[in-house]
Amino acid sequence: MNKHKNRNILDVLIATKLSQNTTDKTAFIAYNNLKNNFNNWEELIVAPIEKIKKLIKPCGLTETKSRDIKLMLKQMKDDFGNLNLNHLKKYSNEKVYEELLKYKGIGVKTVSCVLAFALNRNVFPVDTHVHRVMNRIGVVNTKTAEETFEAAKRIIPDEEKVFLHKAIIKFGRNVCKAVKPMCGECILYEECGFSQKEQFHREHREGMEKHREEQRKKEKIKRIKKDTKMTSKKENNFIILENI
Ligand code: SF4
């Protein structure tokens with residue numbers, strides 16, 4: 001079992017839903033906007049859709065996300081009489097998937113996040129970063145995030161699943177980026193199976209060298225400014241155009 005604080009299950013579900021196809025930072029702003037404008041999630045069921053869309057605007061896909069969340073909350077209220085999802089704590093992972101996947105717009109990754117971060121279960125949620133990194137490194141050879149999720153179940157020890165999920169997400173955002181992976185600085189370079197790693201390694205090194213060269217030039221300009229200031233009082237300073 002992984003060690004997390006006790007988070008509210010529905011909070012985690014809604015935050016994960018908001019984070020679909022956007023960054024965690026913008027999803028967090030949208031989530032806080034909802035929390036600060038409604039006293040509880042029940043209020044959102046009867047709130048005008050336009051109000052919800054406005055509040056979650058920072059995280060994009062406002063039409064789909066606001067309608068899916070509103071509908072999901074309404075269905076939950078109808079099903080359970082309230083919006084308390086604590087009964088999920090007693091369910092097996094499989095039963096939690098079964099229970100939550102029936103809501104529109106809730107996929108395997110979202111339920112996996114609920115299991116990992118709200119129910120403290122040892123699961124390995126696979127998002128776009130995790131799927132990309134795992135394939136580039138060569139740990140899996142899969143076409144979709146769902147396939148990566150299934151393959152990872154077999155090769156990652158239970159007690160390392162949540163830790164690795166978080167570590168790979170950070171690595172994918174900061175080093176093994178989607179568009180320009182920083183292969184030139186990557187500690188996994190030797191082991192990595194990515195076919196374009198040499199090209200990105202070269203481009204990264206060249207980019208770094210260019211950057212350093214620009215920095216050196218800027219430093220020179222700074223020094224020239226400083227030196228000319230120091231000598232300006234005692235040298236021949238007359239410039240005709242300053243006096244026309
Ligand atoms: S070498 Fe490049 S592609 Fe491979 S893991 Fe590192 S950053 Fe990613």
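Scope of the values below: all heavy atoms of this structure, side chains included, with no hydrogens, waters or symmetry mates. Order of appearance sets the numbers: ligands from 1, and atoms from 1 within every ligand.
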Closer than 4.0 Å to some heavy atom of [X] - which atoms of ligand 1 meet that?
X	value
Cys186	1 (S), 5 (S), 6 (Fe), 7 (S)
Phe194	3 (S)
Cys192	1 (S), 3 (S), 4 (Fe), 5 (S)

Step by step, work out the salt bridge (charged side-chain N to carboxylate O under 4.0 Å, His left out) result for Glu219 and Arg216.
CA-CA 5 Å; Glu219 282 305 313; Arg216 279 196 287 272; over 6 Å; no
Nearest-contact summary for atom 2 (Fe) of ligand 1 - protein heavy atom, Å:
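Nearest protein contact, heavy atoms only, for atom 2 (Fe) of ligand 1 is Cys183 SG, 2.4 Å.
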Would you say the ring centroid of Phe117 lies under 6.0 angstrom from that of His165?
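Under 6.0 Å, so yes.
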Report whether any nitrogen, oxygen or sulfur of Cys176 sits less than 2.8 Å from atom 2 (Fe) of ligand 1 (N, O or S, backbone or side chain).
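It does not; every qualifying atom lies at 2.8 Å or beyond.
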Does atom NE2 of His87 have more than 12 heavy-atom neighbours from other groups under 6.0 Å away?
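Enclosed.
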Heavy atoms of other groups near Phe80 CZ, more than 12 under 6.0 Å
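Yes, CZ of Phe80 has more than 12 neighbouring heavy atoms, counting only those of other groups under 6.0 Å.
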Look only at the side chain of Lys17 and the backbone of Asp68, and say whether a donor-acceptor pair between them is shorter than 3.5 Å.
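Not at all, since once roles are kept as given, no pair shorter than 3.5 Å links the two residues.
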